[in-house]
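Following: one structure in structure tokens, then a few remarks.
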Amino acid sequence: MKFSGAKGEIKLITLDPGHFHASLVQKFMYDQVDPTVHVYAPEGPDVQSYLSTVEGFNARAENPTAWKEVVYTGPDFMEKMLEEKAGNVVVLSGNNRKKADYILASIEAGLNVLADKPMVIQPEEFPRLVEAFEKAAANGVMLYDIMTERYEISTILQKEFSQIPAVFGQLQQGSEAEPAVTKESVHHFSKEVAGKPLIRPAWFFDVAQQGEGMVDVSTHLVDLIQWECFPEQIIDYQKDIQILSVSRWATELTPAMFGKVTGLKEYPEYLHKDLKNDSLLSVFANGEINYTLKGIHAKTSVIWNFEAPAGAKDTHYSMMRGSKANLVIRQGAEQNYQPALYVEPLAGTDLAVFEKELSSAVQQLNLKYAGLSYVVSENGFEIVIPDNFKVGHEAHFAQVTEKFLKYLAEGKLPDWEVPNMIAKYYTTTQAFKQSIP
């Protein structure tokens with residue numbers, strides 16, 4: 001089907017929603033998207049949680065949505081979806097063990113797919129993802145994953161400053177001990193989403209279904225490294241990527257912790273394999289990848305804690321090492337747990353000269369990001385970002401969806417997107433393969 005961007009021409013199908021990200025795609029309305037959404041899922045708490053969240057968006061006082069959910073639940077939900085083809089874009093966010101099958105079946109049926117990360121979690125699934133992209137091209141449809149972190153303003157500006165040689169210089173090659181680019185993400189099992197305590201499905205804590213840390217959240221980190229270090233450049237996964245070393249470790253949950261985030265009094269049988277002393281649940285959600293990308297040393301780290309300290313949230317740390325300055329994102333207590341971008345000139349730099357170059361760069365960027373400024377910080381300068389650019393993680397889902405709708409209307413993805421999605425999942429799945437004894 002050819003799209004033009006006309007009102008209501010996109011008709012969504014939500015397939016087996018098991019993660020709250022499925023509902024966040026519908027936190028806002030879009031002119032191109034028909035308000036009727038067809039949902040196909042097995043009966044159970046996963047689909048009910050999704051429907052409840054969308055109902056909350058419809059009922060909110062400020063900027064309410066007007067989604068109409070047409071729901072089919074039953075063991076043959078997948079066959080029913082493929083038979084009816086009630087829409088033209090399938091939204092996937094749920095159990096990751098099933099996602100490769102869902103993607104391939106949807107693509108083969110001639111449906112576009114907007115998938116939450118990760119699209120694959122096992123090394124043996126990677127060839128099937130490559131096949132899905134090949135069939136998408138043959139069938140004239142698009143497969144795209146939801147990379148929300150590209151829309152976080154401090155990350156956007158880190159990328160922007162890295163492209164200004166007078167301030168950043170050139171990206172360094174780095175080493176395994178001191179990577180040129182480092183990204184670390186800290187998450188929490190217990191948190192609030194859309195103003196309510198998040199209830200997670202029990203399968204979320206089974207890495208055979210959700211995926212380990214280095215194939216789940218690491219998807220975002222690997223994507224950002226590619227996107228920032230080699231913008232709009234095609235990455236060849238067979239030539240440009242070398243996994244150097246990996247590590248994995250578990251977060252342990254007590255029965256009380258597990259009950260708080262799932263609402264369950266007992267562990268399901270499929271989690272018994274991960275129990276220690278019959279009570280502590282070991283969740284291998286943490287992982288580190290050291291690798292090279294086009295010769296540049298990079299490191300990703302994903303850490304899952306049970307609960308954040310009072311006032312804290314999920315956090316992100318990032319450093320890009322340049323020949324003139326380092327670009328650092330911090331999000332700790334000193335930053336009030338909000339991401340802040342620092343430009344830190346290397347030792348021996350003439351600060352007066354450097355500040356003139358930084359001032360000129362900030363003025364240049366003000367043409368795109370009005371109100372941007374800077375202040376002196378402990379190790380250099382902090383970029384002061386106006387609040388109107390800080391829209392929050394949940395709003396990023398709408399930004400990704402709008403970008404996908406734009407690509408549908410244009411009839412193509414950028415030339416670099418598909419090979420780089422393939423490269424990203426090669427990195428995560430090969431790192432996971434290497435981590436298993």
Side-chain angles (χ1 to χ4, degrees), residues 149 152-188 220-221 224-225 228-229 288 290 296-303 305 308-366 368-393:
E149 298 308 305
E152 200 284 311
I153 186 60
S154 64
T155 299
I156 291 171
L157 290 172
Q158 185 182 47
K159 178 184 180 183
E160 293 275 16
F161 278 105
S162 74
Q163 299 300 306
I164 302 176
V167 171
F168 182 65
Q170 302 297 321
L171 181 65
Q172 298 298 283
Q173 182 177 346
S175 64
E176 189 169 352
E178 193 173 77
V181 56
T182 300
K183 291 190 178 290
E184 178 183 287
S185 185
V186 179
H187 288 254
H188 304 89
H220 280 303
L221 308 184
L224 291 181
I225 289 171
E228 289 188 74
C229 296
E288 179 178 292
N290 291 280
I296 298 299
H297 284 264
K299 182 176 81 169
T300 69
S301 300
V302 172
I303 299 165
N305 299 319
K313 297 181 180 179
D314 293 350
T315 62
H316 177 74
Y317 170 84
S318 174
M319 175 184 280
M320 295 180 71
R321 298 183 185 276
S323 57
K324 292 186 178 180
N326 297 326
L327 303 174
V328 188
I329 297 172
R330 298 186 177 93
Q331 195 178 356
E334 184 181 343
Q335 292 78 31
N336 197 27
Y337 297 104
Q338 298 298 315
L341 175 62
Y342 299 88
V343 181
E344 300 179 350
L346 302 188
T349 300
D350 186 322
L351 293 182
V353 173
F354 184 88
E355 185 172 358
K356 288 182 180 179
E357 296 290 358
L358 178 64
S359 177
S360 176
V362 168
Q363 289 179 30
Q364 175 186 333
L365 289 174
N366 257 279
K368 293 173 66 175
Y369 311 97
L372 206 64
S373 61
Y374 69 90
V375 294
V376 175
S377 65
E378 181 177 357
N379 296 311
F381 306 89
E382 179 181 354
I383 303 302
V384 180
I385 304 170
D387 288 343
N388 59 292
F389 292 110
K390 303 174 183 178
V391 298
H393 176 63

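Note that the coordinates shown come from a computational prediction; the quantities given were computed from them, not determined experimentally.
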Next item on the list: Could you tell me how the ring of Tyr374 sits relative to the ring of Phe381: parallel (under 30°), tilted (30 to 60°) or perpendicular (over 60°)?
Entry: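 Geometry flag for Phe381 against Tyr374: perpendicular rings.
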Does a side-chain heavy-atom distance below 4.5 Å link [X] with [Y]?
X      : Y      : value
Leu224 : Lys159 : no
Gln363 : Ser360 : no
Phe161 : Leu358 : yes
Asn379 : Val328 : no
Thr155 : Glu228 : yes

Nearest heavy-atom pair of [X] and [Y]: which atoms, and what distance?
X      : Y      : value
Ala370 : Pro386 : O-CG, 3.5 Å
Gln170 : Gln172 : O-NE2, 3.1 Å
Val167 : Glu357 : CG2-O, 3.8 Å
Ala180 : Ile296 : CB-CG2, 3.5 Å

Next item on the list: Check the pair Glu378 / Arg330 against salt bridge (Lys or Arg N to Asp or Glu O under 4.0 Å), numbers first and verdict last.
Entry: CA-CA 13 Å; Glu378 181 177 357; Arg330 298 186 177 93; over 6 Å; no
Pairs under 3.5 angstrom only: tabulate donor-acceptor contacts from the side chains of residues 332-343 to other protein residues two or more places apart or in another chain.
residue, atom, partner, partner atom, Å
Gln335, OE1, Gly332, N, 2.8
Gln335, NE2, Tyr342, OH, 3.0

Next item on the list: Scan side-chain atoms only and decide if Lys183 and Ser318 contain a donor-acceptor pair under the 3.5 Å cut-off.
Entry: yes
Note to self: The criterion is side chain to side chain contact (heavy atoms under 4.5 Å, CB included); which residues satisfy it with Asp350, sequence neighbours excluded?
What the structure shows: Ala352, Val353
Next item on the list: Verify the neighbour count for atom NZ of Lys390: are there more than 12 heavy atoms of other residues, nucleotides or ligands below 6.0 Å?
Entry: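 Counting other residues, nucleotides and ligands, NZ of Lys390 exceeds 12 neighbours.
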Item checked: Any residue meeting salt bridge (Lys or Arg N to Asp or Glu O under 4.0 Å) with Glu160, in chain and number order, not counting sequence neighbours ->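 For Glu160 the salt bridge (Lys or Arg N to Asp or Glu O under 4.0 Å) partners, ignoring immediate neighbours, are Lys368.
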Notebook entry, point to check: Would you say the side-chain atoms of Asn326 pair up with the backbone N or O of Leu346, donor to acceptor, closer than 3.5 Å?
Noted result: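 Judged by distance alone, no pair lies under 3.5 Å.
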